[in-house]
Amino acid sequence: MTFKEQILQGLPNELPSKKEYNSALSHAPKRKDILSSEEKLLAIKNALRYFPKAWHRELAQEFAFELSTYGRIYMHRFKPEYTMYARPIEEYPHTSTQAAGIMLMIQNNLDPAVAQHPEELITYGGNGAVFQNWAQYILTMQYLATMNNEQTLHMYSGHPMGLFPSSTEAPRVVATNGMMIPNYSKPDDWEKYNALGVTQYGQMTAGSYMYIGPQGIVHGTTITVMNAFRKVLKADENPAGKIFLTAGLGGMSGAQPKAGTIAGCITICAEVNASAAKKRHEQGWVDVLITNLDDLVARTKKAQEEKEVVSIAFIGNIVAVWERFYDENIFIHLGSDQTSLHNPWAGGYYPVAISFEEANELMVNNPPIFKEKVQESLRRHMDAINKHTAKGTYFFDYGNAFLLEASRAGAAVMAKNGIDFRYPSYVQDILGPMCFDYGFGPFRWVCTSGNPTDLQKTDAIAQRVLEDIKNTAPAEIQQQLQDNITWIKEANNNNLVVGSQARILYADAEGRSKIADAFNTAISSGEISAPIVLGRDHHDVSGTDSPFRETSNIYDGSKFTADMAIQNVIGDSFRGATWVSIHNGGGVGWGEVINGGFGMVIDGSKEAAKRLKSMLFYDVTNGIARRGWARNNEALFAIQREMDRNPELRVTLPNLVDDNLLKNLY
């Protein structure tokens, strides 16, 4: 059968042959054995409901094997035979162009060049899943291929509940992931209910079909590293020959070496998984691979002396690097960490002093001891960081729950008041006040033609729009605009594309709307040959409520509320989004964040022009209004500017209080 025929068929008419498990591929780690015998039977029963009764006897045995061997039922037998990648949009069978755009994005999220564990439908972060199993993927693609523009597909944590009548103005897909009752949102709850097959961890952009490979975080990391160096260097200094030390080379963290190179420093990134480090080296995202600490020390000193701009991957544990660099008196200007500490007990962080393979065995066979070793390593990790910061190193938490888990491990990470961490989140110090509060965040797009020429045209259009805005922009946002003009000028030369022809930059409501409108005009005129998918990372101004990351610089007590994210996804849904999503969990952990996203397919039509202006404006101003109400000065400036630009926008502004009036009240 052709690709289109396989999509339209949905689940096969005959039971396919069992597939051999290819251990050479990148597979998700085995999950915790957490279900009782009765619950395991329920998990198998839940999985079998996708298939006809005639297949149940054979599949029951197979699913029981998968559950006991991998801790999950992935239905490997049903993985399609065709190659998984983002095809040009016209290659998808469809009635709705909007639905075809979603199919393209789903396949991009599962492309082996993009996804971390594609065999298990996991895009990044060790557990960020697009679907729980292959039956869900097959059914979803069939629904999308056959739906029209007056239907909406509702997705329950990867499960396609079905097509429901709606309207042309409604989203084509509404996706929820991991939306648990609050008292059932602890890490072991995810393990249990995911194993039962009733929920999943969508991360942020995985379960929203909006992941575009490491490029998505290269930009944000570049902006963060550039501004971090601006904080610590003198006006006449530059980052060349200065060290940014961090850890992680997986799905999201793999962007760090490329970002450091663009920022112009020495980037040293430790990674315990040799295959992940080698993959980034093969992709050209890291310059040098080193497996020995002595060699790392020598190569680092050489880079410092020669003021190199170079990225080095050390295959080993980051704790050993921090400790050895202290002994060698190697000064680190910037330090951070991007291991998946939102998932500390299932492969997100590996303990020092035991091998990668030993750790994988231990986490499955003796979880309590594994947890002890992880927490012991976190204490050592933090002790080493504290020694470096005492010498002047600037350390920041990269929103991966590093400081949170270190505090839970009893590490020396708390500030003197016993409430705050002694080190800031990068959102508190950098992205919050410098970007999010002004409305600047990660706007992204995908050219559905798959043609690199179209992507280059969009780069030129975006650059032109940003330069026009900068000519009359206020001084407060000149730096943000210039950083993104510089980024888009160099984007093609930096070879950022992995998978789909995608791009990202930071823009505010004005920039996003004007760029998207210019794209729509170019599609209408034929300058760009096919529709474009617009989207963003959830790591943005409005879409995410996360007290230890995106909203860590909210100081009015509301950072533990999730109204903004919920309002965002609801508001986007009736203002023109093609699909919307809302998730529990993300880079900081299950139960620690609520995050929402959207996708929008623009096709050159007048209707698309109307939708994009309405939705993109709200998508940003919702967040700066909330941040302004929290008394963030930059956000107050930004929301007042948006009200001046659009008289239809009226928001409640705070009356600021003189703190001196409150001094003697209690």
Side-chain angles (χ1 to χ4, degrees), residues 1-12 25 78-116 118-119 121-124 130-131 134-149 153 155 158 160 172-173 175 205-216 283 444-458 495-504 519 523 526 528-535 578-579 599-604:
M1 282 193 294
T2 66
F3 169 71
K4 288 186 176 180
E5 288 171 337
Q6 289 182 71
I7 294 292
L8 290 168
Q9 174 188 252
L11 290 171
L25 299 176
F78 291 92
K79 182 188 175 187
E81 296 293 339
Y82 52 74
T83 305
M84 192 71 68
Y85 68 99
R87 292 159 169 79
I89 193 168
E90 288 304 319
E91 293 188 20
Y92 293 94
H94 65 275
T95 299
S96 164
T97 300
Q98 295 180 48
I102 300 170
M103 297 167 76
L104 182 157
M105 296 301 292
I106 287 173
Q107 288 207 306
N108 187 64
N109 273 234
L110 295 172
D111 181 343
V114 174
Q116 184 181 19
E119 297 295 301
L121 304 116
I122 290 170
T123 301
Y124 68 91
V130 187
F131 300 97
W134 285 104
Q136 292 177 347
Y137 164 83
I138 292 168
L139 286 171
T140 299
M141 295 294 280
Q142 184 188 40
Y143 276 130
L144 290 168
T146 56
M147 74 186 298
N148 61 47
N149 283 333
L153 175 60
M155 301 292 299
R172 298 283 69 81
V173 169
T205 50
S208 293
Y209 327 137
M210 191 47 69
Y211 188 65
I212 59 171
Q215 179 186 174
Q283 290 176 332
R444 57 179 60 171
W445 62 89
V446 175
C447 296
T448 67
S449 65
N451 188 340
T453 301
D454 277 346
L455 184 61
Q456 291 169 20
K457 289 176 180 177
T458 63
N495 299 315
L496 298 163
V497 170
V498 177
S500 61
Q501 294 295 315
R503 188 66 77 223
I504 186 172
F519 289 169
I523 297 166
I528 292 174
S529 64
I532 287 176
V533 174
L534 306 176
T578 303
W579 73 97
M600 177 181 281
V601 179
I602 58 172
D603 58 5

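Atoms considered below: every heavy atom in the structure, side chains included; atoms not considered: hydrogens, waters and symmetry mates.
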Subject >> Side-chain donor or acceptor of Thr448 paired with backbone N/O of Pro531 under 3.5 Å >> reply: yes
Subject >> Single hit among Tyr85, Tyr209, Tyr137 for side chain to side chain donor-acceptor pair (under 3.5 Å) with Gln107 >> reply: Tyr137
Original post:
Just checking, any donor-acceptor pair under 3.5 angstrom between side chains of Thr97 and Asp603?
Top reply: no
Original post:
Is the side chain of Asn109 donor-acceptor paired with the backbone N or O of Ala115 at a distance under 3.5 Å, no angle test?
Top reply: no
Original post:
How long is the gap from CG on Leu153 to CD on Gln142, to the nearest 0.5 Å?
Top reply: 11.0 Å
Original post:
Can you tell me how far CD1 of Ile528 sits from CZ of Phe519, rounded to the nearest 0.5 angstrom?
Top reply: 6.0 Å
Original post:
From Tyr143 OH over to Met155 CE, what is the distance, rounded to the nearest 0.5 angstrom?
Top reply: 10.0 Å
**OP:** Could you tell me how the ring of Phe3 sits relative to the ring of Tyr92: parallel (under 30°), tilted (30 to 60°) or perpendicular (over 60°)?
**Re:** perpendicular
Original post:
Can you tell me how far CZ of Arg172 sits from CE of Met147, rounded to the nearest 0.5 angstrom?
Top reply: 5.5 Å
Original post:
Does a side chain donor of either Ser96 or Asn149 reach within less than 3.5 Å of an acceptor in the other side chain?
Top reply: yes
Original post:
Side chains of Ile504 and Ile212: does their closest heavy-atom pair fall under 4.5 Å?
Top reply: yes
Original post:
Any sub-3.5 Å donor-acceptor pair from Tyr82's side-chain atoms to Ile7's backbone N or O?
Top reply: no
Subject >> Short side-chain to backbone donor-acceptor contact, Trp579 and Gln98, under 3.5 Å >> reply: no
Subject >> Main-chain N/O of Met210 paired to Arg444 side chain as donor or acceptor, under 3.5 Å >> reply: yes
Original post:
Distance-only, no hydrogens or angles: does the Asp454 side chain make a donor-acceptor pair with backbone N or O of Cys447 under 3.5 Å?
Top reply: no
